[in-house]
**Student:** 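Dropping a structure here in structure tokens format, bear with me for questions.
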Amino acid sequence: MTSPKINIKALTLVELKALLAELGCKPFRAGQLFAWIYSKGAQSFDEMTDIAKSERMLLGSRFSVASLSLLRQELSSDGTRKFLFGLEDGHTVESVLIPEDDRRTLCISSQVGCAQACRFCITGGGGFQRNLRAYEIADQIVVVEKVLAGGRKYSPETRSITNIVLMGMGEPLANFDEVVKALAIITNEPGLGFSTRRVTLSTAGLVPEIGKLGRSGVKVNLAVSLNATTDEVRDRIMPVNKRYPIKELLAACRHFPLEPRRRITFEYVMLSKVNDSPEDALRLTRLLRGIKAKINLIPYNPSPGSEFKRPADATVKRFQQILQDNEYTALVRESRGRDIAAACGQLREREAGAEK
Ligand code: SF4
């Protein structure tokens with residue numbers, strides 16, 4: 001009986017090297033294969049034309065180059081593009097491409113669903129199904145880049161995607177080991193080779209894992225989804241706060257090792273009459289004192305049936321002004337792609353609804 005083929009993308013470079021050595025392949029072959037798969041988006045061994053045909057056949061008999069299947073994509077009037085992927089077990093995940101000035105940021109998912117149950121989030125409302133494997137996380141980038149290239153050859157220097165954020169479905173730090181493995185593929189060469197300055201991991205605030213990430217030597221940017229300035233409000237909108245209250249979360253942020261000139265981004269989804277008062281803004285300035293921080297204010301993007309409302313523009317402006325008066329960098333970031341339901345989990349939700 002022949003043994004099933006191994007998905008080459010499920011292997012780290014070290015694991016692949018070991019397996020190739022058993023097959024009698026040259027030691028540099030693993031790096032070459034990684035470059036073909038991640039930097040040039042090859043989906044079969046036939047495309048790897050600088051490897052002898054006999055060796056390609058040998059590799060093809062032992063390994064597969066499985067990819068996420070792109071089920072659907074939508075383009076918003078503001079240029080945001082949303083991609084829905086099918087996984088081998090029938091689950092789906094999504095990524096969102098956000099063009100802005102000379103950047104094209106891809107927001108990728110780290111889990112199918114999410115257990116954190118943030119009240120303002122559609123993904124949270126649907127519960128948790130499973131963790132993504134490292135290759136399922138990294139492959140979102142490979143497939144989207146291939147779509148954007150439209151058949152044109154590309155390299156890390158000429159590819160379209162410039163920035164990566166782990167801010168799609170799921171809590172990345174709840175899938176710690178696979179996310180760290182994926183980050184190695186995303187930031188290493190051979191691999192996708194993104195600069196660590198251009199990769200951001202966003203967490204709802206898993207305190208022990210923030211410490212673990214800091215100690216791991218992974219140097220990507222950290223973003224924290226804060227969204228409240230009192231435990232009473234944060235407990236209500238983000239259940240994770242009952243385990244790790246604001247004080248503990250910010251203590252972990254204070255201890256997080258930052259590279260020179262980097263800051264932690266605090267995401268603050270503004271919910272009308274919940275967390276958007278001038279007192280909240282002032283409290284926020286006091287809470288973040290001593291942390292190298294910048295703040296993204298995100299006026300809530302209500303979805304059908306949602307219990308929260310978007311604050312008035314004047315309320316957002318006043319909140320931002322208070323932060324700026326206290327010397328904080330505070331940007332207002334609009335939710336993008338409203339007409340294609342680009343808030344995390346919305347396309348997937350709609351697809352599931354259509355399938356029912
Ligand atoms: S906001 Fe993020 S952490 Fe919270 S439920 Fe949604 S996906 Fe999970």
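Both counts, for ligands and for their atoms, begin at 1 and track the order of listing. Worth saying up front: this structure is predicted, and the values here are computed from it rather than measured.
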**Student:** Atoms of ligand 1 less than 4.0 Å from Gly170 heavy atoms?
**Tutor:**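 Those atoms are 7 (S).
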
**Student:** Looking at Arg29 and Glu55, is any side-chain nitrogen of the basic one under 4.0 Å from a carboxylate oxygen of the acidic one?
**Tutor:**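 Arg29 and Glu55: salt-bridged.
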
**Student:** Quick check on atom 4 (Fe) of ligand 1: does Cys114 put an N/O/S atom closer than 2.8 Å to it?
**Tutor:**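 Within the cut-off used here (under 2.8 Å), Cys114 places no N, O or S atom near atom 4 (Fe) of ligand 1.
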
**Student:** Not counting sequence neighbours, which residues clear ring-ring contact (aromatic ring centres under 6.0 Å, His included) with Tyr38? List them please.
**Tutor:**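 Partners of Tyr38 by the ring-ring contact (aromatic ring centres under 6.0 Å, His included) criterion, ordered by chain and then number, come out as Phe34.
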
**Student:** Between Glu100 and Arg333 (salt bridge meaning N to carboxylate O under 4.0 Å), is one present in this structure?
**Tutor:**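 Between Arg333 and Glu100 there is a salt bridge, with a charged N closer than 4.0 Å to a carboxylate O.
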
**Student:** Salt bridge or not between Glu74 and Arg72? Use side-chain N to carboxylate O under 4.0 Å.
**Tutor:**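 Between Arg72 and Glu74 there is a salt bridge, with a charged N closer than 4.0 Å to a carboxylate O.
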
**Student:** Check ligand 1 against Ala117 and write out every atom of the ligand that is under 4.0 Å from a heavy-atom position of the residue.
**Tutor:**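 By the 4.0 Å cutoff, the relevant atoms are 5 (S).
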
